[in-house]
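Heads up: the structure comes next, in structure tokens.
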Protein chains: 2
Amino acid sequence: MRDLIEIQQKLLPDLVDVLRKRYMLLQSIFHLQPIGRRTLAQVSSTTERILRGEVELLKEMGLLSFTAAGMSVTEEGQRVLERLEPMVAELFGLTELAQRLQHRLKIPEVIVVQGDADRSEWVKQELGRVGARVLKQRIRERDVVAVTGGTSIASLAEHLTPSPVFRSVQFVPARGGLGEKVELQANTLASVMAAKTGGTYRLLHVPDRLSPDALQALLDEPQVVEVLELLRTARIVVHGIGDALVMAKRRKYSPQELEELEQTGAVSEAFGYYFDEAGEIVHRMPTIGLQLEDVRKAEVVLSIAGGASKAKAILSFAKQSCQSVLITDEGAARALLAEGNEKEGEQP
Amino acid sequence: MRDLIEIQQKLLPDLVDVLRKRYMLLQSIFHLQPIGRRTLAQVSSTTERILRGEVELLKEMGLLSFTAAGMSVTEEGQRVLERLEPMVAELFGLTELAQRLQHRLKIPEVIVVQGDADRSEWVKQELGRVGARVLKQRIRERDVVAVTGGTSIASLAEHLTPSPVFRSVQFVPARGGLGEKVELQANTLASVMAAKTGGTYRLLHVPDRLSPDALQALLDEPQVVEVLELLRTARIVVHGIGDALVMAKRRKYSPQELEELEQTGAVSEAFGYYFDEAGEIVHRMPTIGLQLEDVRKAEVVLSIAGGASKAKAILSFAKQSCQSVLITDEGAARALLAEGNEKEGEQP
DNA sequence: TATGCGCGGGACATTTTACGTCCCTAAAAG
DNA sequence: CTTTTAGGGACGTAAAATGTCCCGCGCATA
């Protein structure tokens with residue numbers, strides 16, 4: 001049966017959403033019966049008319065009965081509720097997870113894909129695919145999109161497809177060189193995204209490990225300044241969230257630096273900033289680019305991070321409360337919720 | 001698994017249809033890949049635009065890939081196909097049954113509901129519910145609906161619901177008294193339907209067992225003539241199909257009459273006519289009303305009959321080839337197809 | 001018994017979506 | 001090199017979904 005559900009989600013993703021909607025509606029009616037349209041619309045946070053369409057269909061299917069006092073669930077309706085209940089967890093596992101995350105992290109939209117990026121390679125692909133879809137649906141003419149580096153964003157870039165709206169879109173790396181492999185650097189990914197979509201891109205070429213003086217000198221370079229100004233106007237920010245120590249190692253921090261970082265309690269990394277569990281900045285990479293306050297000004301902040309090992313990092317970065325959409329996976333979501341519950345247990 | 005589908009279908013009536021459509025589409029692409037939209041539209045007997053919507057969704061889900069040469073199924077798509085294959089038989093059992101019946105009986109639309117009316121009481125209810133839905137969707141302003149008697153039609157009547165279009169609709173009994181219980185007579189059902197829908201009805205009160213002379217006399221009655229004329233203009237005919245002997249007994253034929261009827265090879269009954277296996281009229285009730293040629297002139301002829309025991313009767317009446325919609329059940333459908341195959345085996 | 005209140009259901013303008021249709025450019029195929 | 005066929009874009013129209021309001025009717029309360 002698990003099989004069938006998975007296939008349904010692949011083949012009829014739209015219908016599964018509808019199914020969830022109807023199920024929850026039926027459940028609400030069952031609990032509140034008899035109840036009228038208008039009251040129910042408020043409770044279900046939907047409009048009267050849209051609810052009406054649904055209840056009329058449920059009535060057609062013989063699951064609801066209408067009286068002058070309001071609508072009630074028929075016996076058949078109850079049977080449907082009962083028999084569907086054990087499947088709901090499986091059917092809506094992911095969407096339910098997403099909703100719980102949405103609530104706990106206070107992020108407007110959360111999408112959870114199946115699997116665990118730590119365990120299966122293909123989950124990263126899935127994250128990228130979904131991320132690409134979200135970006136495509138959020139994009140507008142003449143947008144400036146700030147992008148960071150990392151494996152998740154690389155996967156997103158790979159899954160982008162051309163579209164006319166992208167013609168006028170600029171992809172700009174969020175920060176300068178961050179000492180990663182070239183195929184994971186923001187500069188590279190900005191160019192890949194531009195190539196995949198038909199958009200244009202800018203580069204922010206700042207060598208790794210600059211001295212503060214050299215940095216200051218670069219900030220006087222017109223080319224650099226121009227890109228930085230463009231970055232600040234970014235309406236969309238696409239970024240990954242990293243585990244602090246993992247990122248630091250990938251960026252070839254020395255053992256000593258690593259230990260210092262660990263001392264600060266850093267757990268997450270984004271845009272070259274390192275945050276501790278409370279969401280406080282405890283360290284930042286010596287490079288230039290998008291500042292955290294710029295991210296806050298962006299209309300759409302799309303975060304991608306998967307794998308149970310990323311749970312703490314996601315939770316930490318969510319404290320910034322600047323995200324619009326979080327795309328993660330089942331593994332991270334479950335780990336995150338488990339952790340969150342422990343914390344809550346400590347201070348009830 | 002069967003469970004899941006059934007329940008889901010209560011909340012999502014067209015789930016299986018969509019699933020089947022998408023599955024077949026994916027399968028077609030797999031066999032013909034790489035293939036273009038227009039070519040595929042012809043093969044799948046659909047329009048280009050509607051197919052486009054589907055393939056774009058399948059592409060979004062990562063099941064299809066597009067190249068300049070046409071579209072192809074991705075590995076993920078193949079995986080879906082393979083995993084869905086073993087479920088197809090179960091999933092599409094009923095729709096497939098319906099299609100086979102449609103083909104064998106040459107009826108434009110066939111609907112098969114689950115179960116066997118001979119074995120489970122609730123199947124009759126289901127037949128009625130579906131029948132009511134079909135009637136509601138076929139009805140038009142100012143229609144004249146001719147209705148017969150019988151348990152199936154009674155069930156349909158019970159499941160009708162009011163709707164503004166029915167205001168101008170007239171329900172007319174197809175034939176005069178036929179010696180059944182009053183709650184199963186056409187007259188009664190016409191009035192029930194009118195009451196349930198908000199329509200109006202006419203009665204055709206002809207006493208049982210009239211002598212030919214008396215019949216003739218009634219045919220001169222203005223009241224009777226008026227209803228008969230109305231009947232001939234019926235755009236929709238709703239009727240059941242009976243087993244010849246069962247109906248005869250229900251109409252209190254004497255043992256002698258029964259034996260005579262049996263001699264003629266009568267197997268089915270409808271509108272008071274009795275037909276043999278070849279579909280020939282072998283007997284008719286001595287009453288007045290809708291003639292078979294009037295049925296042929298009707299635009300919509302909705303037949304309802306369920307239960308394996310009705311298989312022969314359904315097959316027999318289908319020879320009239322005047323039906324538009326047949327609503328039956330799994331039991332009847334399987335029995336009918338089995339019987340049909342035997343007959344074919346005799347004369348290949 | 002009188003009287004609101006909330007009910008389902010109808011009606012209708014408006015928005016949004018789906019669909020049919022045609023065109024364009026690019027890449028295979030001949 | 002030409003021709004055919006591909007996917008993708010564009011756009012007007014038809015159809016469905018939706019927002020909004022109204023109505024008569026039971027039920028509950030006064």
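Here is how names work: the chains are called A, B, and so on, in the same order as the sequence lines, proteins then strands, and each is numbered from 1. What you see below is based on every heavy atom in this structure, not just the backbone, and it leaves out hydrogens, waters and symmetry mates.
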Are [X] and [Y] within salt-bridge range, i.e. N to O under 4.0 Å?
X      : Y      : answer
B:R129 : B:E126 : yes
A:R52  : A:E56  : yes
B:D17  : B:R20  : yes

Distance check needed: [N] [atom2] versus [X] [atom1], whole Å only.
X     : N      : atom1 : atom2 : answer
B:E60 : D:dG8  : CD    : P     : 11 Å
B:L51 : C:dA18 : CG    : C1'   : 14 Å
A:E54 : D:dA16 : CD    : P     : 17 Å

Within residues 131-142 of chain A, which residues have any heavy atom lying less than 4.0 Å from an atom of DNA chain C? none
Residue list, salt bridge (Lys or Arg N to Asp or Glu O under 4.0 Å) with [X], at least two apart or on another chain:
X      : answer
A:R38  : A:E48
B:E158 : B:K196
B:R133 : none
A:E85  : none

Evaluation steps, side-chain contact (heavy atoms from CB on, under 4.5 Å), between B:S44 and B:L25: CA-CA 7 Å; B:S44 313; B:L25 194 59; 3.8 Å; yes
Between B:T47 and C:dG20, does any side-chain N or O lie under 4.0 Å from OP1 or OP2?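 Yes, within the criterion.
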Its contact letters, B for base, S for sugar-phosphate only and - for none at protein heavy atoms under 4.0 Å, make nucleotides 2-16 of chain C read -----BBBBB-----
